[in-house]
Structures are given as C-alpha cells and as structure tokens.
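Worth saying up front: this structure is predicted, and the values here are computed from it rather than measured. A, B, ... follow the sequence lines: proteins, then strands. Residue 1 opens every chain.
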Amino acid sequence: MPVDVQSLAKRRGFIWQSAEIYGSMAGFYDYGAMGAMLKKKWENTWLKYFMGLDDNYYLIDPANIMPEAALKASGHVDSFTDPLVECTKCGHAVRADQLIEEVTGAAAEDLSPEQIDSKIVELNLSCQRCKGHFGSAKIFHMMFPLDIGTKGTDKAYLRPETAQGAYLNFKRHFEIMRRKLPLGLIVIGKAYRNEIAPRQGVYRMRELIQAELQIFMDPETFSDELDMKEMEGKEINVQLVDMRGKQDVQSMPCRYLIDQYKLPDFYVYHMLKIQEFYLDVIRVPKNKFRFYEKSEKERAFYNRVHFDIEIDLATLGGFKELAGLHYRGDYDLTKHQAGSKESMEVSLDGRRLIPHVLELSFGVDRNVWALLDLHLVDERTGVLKLAPSLAPYTFAVLPLMRKDELIPVAREIHTLLKNDFDVYYDQSGSIGKRYARMDEIGTPFCITVDFDGLEDNTVTIRDTDSSEQKRIPIDELERIARGLASGKLLFRDLK
RNA sequence: GCAGAUGUAAUCUAGCUGGUUAGGAUUAAAGCCUUCCAAGCUUUCAGCCCGGGUUCGAAUCCCGGCAUCUGCACCA
C-alpha cells in the first residue's frame with residue numbers, strides 16, 4: 001500500500017480539517033500533536049535564520065484585528081473585494097464586474113456599486129438562470145468584518161496579511177531601536193481571507209499563518225550594509241518571465257542577475273539567503289526549488305520587483321508558491337503616512353526619507369506541508385526524513401524488548417534526556433514496529449537499550465535516514481545527543 | 001460560486017440492481033512469544049457524512065445541506 005501524505009498527516013497527528021465532527025468548514029485546518037510541534041520547529045528554524053541576517057532585526061507580535069482606517073489606508077478596504085449582484089428571484093449570485101465585462105467587453109473592475117447598478121439598468125441585464133431582476137450591487141469583502149464594542153460602531157477587520165502590523169509599528173520601533181536602518185520587523189502569526197472557494201488542502205486557507213520579515217531600509221545605503229562578497233561565484237535557481245514554457249528552472253549567477261538582468265543587488269543578496277535557507281537548512285532538493293519571476297501584469301503595481309519562491313510538490317502537482325520576495329518601495333509607509341497623518345519620514349545623516357520596504361513573506365502552513373511532501377519516502381512504510389531541528393521528536397528511547405532488565409535503564413535514559421530534548425518513549429510491541437512508528441513521524445534518532453548494553457553500559461543509536469546503528473557509551477550519550485540535535489555532529493561521523 | 005464525480009471504523013477499502021449478524025486489510029490496546037527493523041498466535045476497541053423523504057424495511061433509492069476531488073471561475 002503506497003503511503004499517502006494526507007492520510008499519514010491525519011493518522012499520525014499532523015494536520016486535518018477543522019471541526020471534523022461537525023462536518024468541517026472549507027479552508028480551516030487544525031494542527032494535531034505532531035503537526036503543532038513540527039510547525040513550531042519550522043517557525044523557530046525560520047526565525048533563527050532570518051532574524052540572524054542582521055543585528056537590527058526583531059520579532060514583534062501585533063494584534064490580529066485592525067481598525068478599518070488602517071486597512072483603508074493600505075488599500076485593502078477598497079481593492080480586496082469583489083462586487084456581487086444577486087438575483088431577487090432565484091438568489092443566484094454573480095460577479096457584477098465580470099457580468100458587465102462579458103456584455104460590454106470593457107474592463108469594469110473599478111466600478112462603484114452605484115455605477116454597477118446603473119450599468120445593469122442601462123444594459124438591461126437579467127439573471128442568466130431565471131431571467132429575474134438583479135438586486136443592487138453589494139461589495140463582497142475578502143476580509144472578515146467585525147463590529148467592535150457594544151454598539152458595534154467601531155468597524156474593524158481580521159487582518160488579511162501580517163505585514164500591515166509591522167508597517168503600523170515601524171515608527172515606534174525605529175525610535176525604540178535607536179533610529180537605525182535597516183530595521184527588520186518580523187511577524188509570525190495568523191492572517192484571514194474569506195476565500196470564495198478554498199481548494200487544494202492547506203494550499204489555500206481562510207485562516208493561515210504567515211511568517212514575514214519586513215526590512216525597512218534606505219535604498220541608497222542598504223547594499224553597503226550587506227556582505228556582497230557572499231554572492232561571488234554563487235548561482236540562483238530562477239525561472240524568468242521569458243523562460244516560461246521553455247525551461248522550468250535555470251541556475252544563474254548572482255552577478256548576471258545584478259549586472260545584466262538589472263535586479264537591485266540587495267534584492268539578489270536576499271534571493272541567495274532564501275535559497276540557502278531552503279537548500280541547506282530545510283534540505284529541499286536543488287532541482288525542486290526556484291524563484292519564479294512575476295510579470296508586470298501579474299504583480300501588484302507597488303511591487304517594483306517580485307519573485308515567488310516555488311517548490312515542486314508532488315501532492316500539489318508541481319511547482320507551488322511557498323513564499324515571496326517583494327521590493328515594495330515606499331508604498332506602504334507613504335500610504336500609512338497619508339492615512340494616519342503621522343509622518344513616516346526619518347532623518348539619517350542629514351538626509352530625510354521615507355524608508356523603502358523589502359518584504360520576505362512566507363506561508364507557514366504551505367511550508368509545513370512541504371516538509372511532509374518532500375521528506376516522506378515510501379519504503380514499504382512511510383519514512384519521514386526530517387532534519388533533527390525540524391522533527392517533532394528528536395529522539396526516541398526504546399528498550400529492545402519488554403523485559404524487566406531493560407525497562408528501568410530505558411526509563412532512566414528517557415528521564416536524563418527529556419529535560420533538554422523532545423524525546424518519545426515506547427516499550428510496546430516489537431522493536432521493528434516501534435522503529436517504523438518513529439520513521440512515520442520523522443524522529444531522526446532511536447536510542448535502544450539492549451542486553452549487550454547492560455553488560456558494558458552502552459546503548460545503540462539508530463539513524464532514521466540510513467537505518468544504520470552505532471553503539472555508544474551511556475556516559476557520552478548527553479554530549480552526543482546535544483551534537484546530533486544541533487546538527488553540529490553528524491551521525492555518519494560517530495565512531 | 002458553476003458543472004460533474006465521490007463520501008462506509010484511526011487509515012485504506014468490499015457491499016450500493018433495497019432485506020448482510022455491514023466483510024476484509026492495516027493501525028491501536030491487552031497478553032503470549034521474541035536478543036534489532038511493521039514476524040507469529042490469542043483477545044479487544046471501533047464504522048455506513050448530517051437532516052429529511054419514499055418503503056413493511058434504506059449504507060443502498062429520492063431531496064436538501066456539509067465536505068472532498070476534477071474542470072471552469074476566483075486567488076488586491
């Protein structure tokens with residue numbers, strides 16, 4: 001029986017649809033015991049890596065609910081919407097702008113509800129199903145609206161992206177962190193979008209987790225802060241716009257992208273950092289990773305440069321967007337300056353400027369799913385080959401058999417390790433079955449107490465990647481465990 | 001949201017031309033056995049998506065809802 005990612009995710013406690021016992025709601029998912037740990041470790045790994053890019057990068061945690069005024073200023077209230085008209089007779093709802101576009105052939109995207117109503121009268125449009133009359137146009141918000149307070153008069157929304165919380169906090173953090181650029185604000189948290197038709201599992205959700213680094217910087221000096229030498233001789237996997245249909249991925253030198261393709265050098269620098277994160281830290285196979293350039297038409301107008309980060313995922317049928325790198329210019333702070341009437345200008349070395357934003361935006365749920373998709377190897381049973389830093393449990397402690405001589409020693413080792421590491425203990429069934437269980441949840445190392453070990457105070461350590469074992473003294477277990485867990489010591493280097 | 005298909009233990013699935021004690025496999029739990037990779041034996045737990053209707057009788061037929069998959073649309 002082939003191992004199916006989705007059923008393993010359910011069976012072993014990673015992720016499944018929310019509110020199952022009530023029949024579920026599309027677009028909402030719950031993380032279970034293994035999934036919550038896996039997600040936390042992905043987030044921690046991500047945070048450590050990206051916060052480490054500069055001493056002036058920080059984790060913050062803004063509110064999930066935002067006042068209407070802020071989202072009005074950001075543009076979401078007006079453009080994160082679809083106009084709908086509903087038939088008064090049969091209740092059939094259609095996109096009003098598309099309806100008008102179909103008939104007139106002209107773009108109707110920017111029409112107000114009033115304009116749509118008069119267009120419908122003018123063109124004498126009626127319901128395609130029952131020929132009934134259309135009611136007046138209503139705006140369907142992709143944001144979830146909320147009424148705050150007893151009278152419900154304070155309009156607010158669940159945030160559609162975490163980025164806005166960082167922009168709203170920029171001015172204060174610039175002050176708190178002693179007026180330096182670049183300043184990085186990181187948010188890991190939920191965002192909410194009322195998707196019309198969520199599909200493809202966790203790929204499109206109505207409640208999703210984002211991990212974002214917003215770098216506020218001076219475009220004229222930002223490059224000076226970065227170690228550009230790191231890019232020498234390095235190549236980046238890309239699919240540029242004009243490669244579409246010809247080539248899925250091509251490896252291109254950083255220098256080419258900067259000198260010939262005219263991308264800003266700080267942008268390419270961050271492409272390289274993101275690529276290193278995926279290839280070295282997350283262990284994505286090189287041929288399954290690429291930056292996908294968005295054409296001018298596809299990207300939002302305020303994004304000066306926009307590549308998606310895509311990974312080839314079997315469960316989702318090809319390269320899929322897992323993150324984005326967006327050079328947004330000064331669009332966001334300028335908008336919030338206008339909306340809030342608070343100056344976003346900063347003064348540095350006698351220069352005054354509104355900082356530009358380079359945004360590194362990651363979809364956490366998609367990335368966690370990708371871990372399962374990429375690392376689940378089907379070897380008669382499922383084997384999840386996760387890096388020690390990502391696995392829900394780093395170690396399992398197992399007595400070879402359920403025997404009175406072995407169990408106390410195994411218990412003791414479990415106690416020894418569990419304060420410092422995530423350790424699973426299991427003594428039921430056969431040893432093979434217990435290894436298989438650990439394989440399925442991606443535990444990289446199994447420590448087994450056997451009869452030989454009782455004689456000479458040793459245990460064996462089994463490596464999930466290779467299923468090989470080595471014997472080590474119990475005295476050295478803590479030191480070795482620390483090395484293996486941190487990745488500083490590799491299993492193959494153990495004697 | 002539209003069209004089509006689908007929905008049976010934790011997982012995978014048989015039954016679905018109406019009457020079955022709803023069958024199997026895997027998993028899980030308990031025990032026996034077992035000196036390293038889902039072995040074997042015994043036992044146990046557990047199921048027809050939800051709500052109506054037709055019928056003497058519904059997992060099976062009909063209607064509605066919810067969900068999933070595929071295509072279209074959507075994805076500032």
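Nucleotide B:rU34 forms a pair with no other nucleotide shown, judged by Watson-Crick or G-U wobble geometry with both contacts under 3.5 Å. When Watson-Crick and G-U wobble pairs are counted only if both distances are under 3.5 Å, B:rA29 pairs with B:rU43. The nucleotide B:rA14 finds no pairing partner, because no Watson-Crick or G-U wobble arrangement with both distances shorter than 3.5 Å includes it. Base pairing of B:rC56: its partner is B:rG19, meeting the Watson-Crick or G-U wobble criterion (both donor-acceptor distances under 3.5 Å). Of the nucleotides present, B:rC50 is the one that pairs with B:rG64 by Watson-Crick or G-U wobble criteria, both distances under 3.5 Å. Figure legend. B:rU70 is base-paired to B:rA3; pairs are counted as Watson-Crick or G-U wobble with both atom distances under 3.5 Å. Both distances falling under 3.5 Å, in either a Watson-Crick or a G-U wobble arrangement, occur for no nucleotide opposite B:rA9.
Taking only side-chain atoms of A:Met142, from C-beta outward, the nucleotide of B:rA76, B:rC37, B:rC75 with the closest atom is B:rC75.
Legend: residues meeting ring pair (Phe, Tyr, Trp, His ring centres under 6.0 Å) with A:Phe14, ordered by chain and number and at least two apart, are absent.
One can place CG of A:Asp308 at 12 Å from C1' of B:rC75, the figure rounded to the nearest angstrom. With rounding to whole Å, A:Phe80 atom CZ is found 10 Å from B:rC75 atom P. Rounded to an integer number of Å, the gap from CG of A:Leu376 to C1' of B:rU11 is 14 Å. Protein atom CZ of A:Arg299 is 18 Å distant from nucleotide atom C1' of B:rC75, rounded to whole Å. Rounded to an integer number of Å, the gap from CG of A:Asp450 to C1' of B:rC37 is 14 Å. For the pair A:Arg434 CZ and B:rA39 C1', the computed distance is 14 Å after rounding to whole Å. Rounded to an integer number of Å, the gap from A:Asp452 CG to B:rC36 P is 9 Å. In this structure, A:Glu161 places its CD atom 11 Å from P of B:rA76, rounding to the nearest Å.
A:Tyr278 and A:Phe362 have parallel rings, their planes meeting at less than 30° on a 0 to 90° scale where 60° marks the start of perpendicular. Using the six-membered ring where Trp is involved, A:His336 and A:Tyr167 have ring planes that are tilted, between 30° and 60° apart. Using a 30° and 60° split on the angle between ring planes, A:Phe28 and A:Phe144 fall in the tilted class, from 30° to 60°.
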Close N or O pairs between protein and nucleotides 29-34 of chain B (under 3.5 Å):
from   : atom 1 : to       : atom 2 : distance (Å)
B:rG31 : OP2    : A:Arg402 : NH1    : 3.4

Would you tabulate the nitrogen or oxygen pairs shorter than 3.5 Å linking the protein to nucleotides 4-8 of chain B?
none

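Side-chain N/O atoms of A:His76 and A:Asp78 include no donor and acceptor closer than 3.5 Å. There is no side-chain donor-acceptor pair under 3.5 Å between A:Asn303 and A:Arg328. With hydrogens and angles left out, the side-chain atoms of A:Thr460 and A:Arg471 include no donor and acceptor closer than 3.5 Å. A side-chain donor-acceptor contact under 3.5 Å links A:Tyr425 and A:Gln427. Side-chain atoms of A:Thr448 and A:Asp450 form no donor-acceptor pair, as typed in the model, at a separation below 3.5 Å. A:Asp365 and A:Tyr31 share a donor-acceptor pair across their side chains, judged by distance under 3.5 Å alone. Inspection of the A:Asp422 and A:Thr394 side chains reveals no N or O donor paired with an N or O acceptor under 3.5 Å.
As rounded to the nearest Å, B:rG18 and B:rG52 have P atoms that lie 23 Å from one another. Atom C1' of B:rG31 sits at a distance of 23 Å from the matching atom of B:rC37, rounded to the whole Å. Nucleotides B:rG64 and B:rA29 are separated by 44 Å at their P atoms, to the nearest Å. Taking atom C1' on both B:rU13 and B:rU8, the two are 9 Å apart, rounded to the nearest angstrom. Taking the P atom of each, B:rA39 and B:rA25 are spaced 15 Å apart, rounded to whole Å. A gap of 14 Å separates the P atoms of B:rG23 and B:rA59, to the nearest Å. Taking the C1' atom of each, B:rU60 and B:rU6 are spaced 15 Å apart, rounded to whole Å. Straight-line distance between the C1' atoms of B:rU21 and B:rG4: roughly 38 Å, to the nearest whole Å.
Put simply, the residue from A:Arg437, A:Lys433, A:His414 that forms a side chain to side chain donor-acceptor pair (under 3.5 Å) with A:Asp426 is A:Arg437.
Expressed to the nearest 0.5 Å, how far CG of A:Asn367 lies from CD1 of A:Ile311 amounts to 6.5 Å.
Proximity of A:Lys10 to the phosphate of B:rU11: a side-chain N or O atom is located under 4.0 Å from OP1 or OP2. Between B:rA28 and A:Lys433, a contact under 4.0 Å exists linking OP1 or OP2 to a side-chain N or O.
A:Asp439 has no carboxylate O lying under 4.0 Å from a charged side-chain N of A:Arg434, or vice versa, which leaves the two without a salt bridge.
Scanning atom types as modelled, one donor and one acceptor separated by under 3.5 angstrom connect the side chain of A:Arg462 and the base of B:rC37. The base of B:rC36 lies close enough to the side chain of A:Gln469 for a donor and an acceptor atom to sit less than 3.5 Å apart.
Shown for residues 439-448 of chain A: residues whose heavy atoms fall under 4.0 angstrom of RNA chain B, namely A:Glu440, A:Thr448.
Residues A:Tyr157 and A:His141 bring their aromatic ring centres within 6.0 Å. Ring centroid separation for the pair A:Tyr327 and A:His356 comes in under the 6.0 Å cut-off.
The minimum heavy-atom distance linking A:Glu440 with A:Leu384 is given by the pair O-CD2, 3.7 Å.
Stacking of A:Lys294 on the aromatic ring of A:Phe307 is not recorded, the 6.0 Å distance cut-off and the 45° axial limit not both being met.
A distance-only check finds a donor-acceptor pair linking the side chain of A:Thr464 to the backbone of A:Pro444 [under 3.5 Å].
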Contact pattern, 5' to 3', of nucleotides 40-46 of chain B - B, S or - by protein heavy atom under 4.0 Å: -------
Where protein sits on nucleotides 62-72 of chain B, one letter per nucleotide: B base, S sugar-phosphate only, - none, heavy atoms under 4.0 Å: ----SSSSBBB
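If A:Arg12 and A:Pro160 are placed on RNA chain B by their nearest nucleotide, the residue sitting closer to the 5' end is A:Arg12.
If you check every strand for non-hydrogen atoms under 4.0 Å, A:Tyr302 touches a base. Within the 4.0 angstrom heavy-atom criterion, only backbone atoms of the sugar-phosphate kind lie near A:Arg11; the bases stay farther away.
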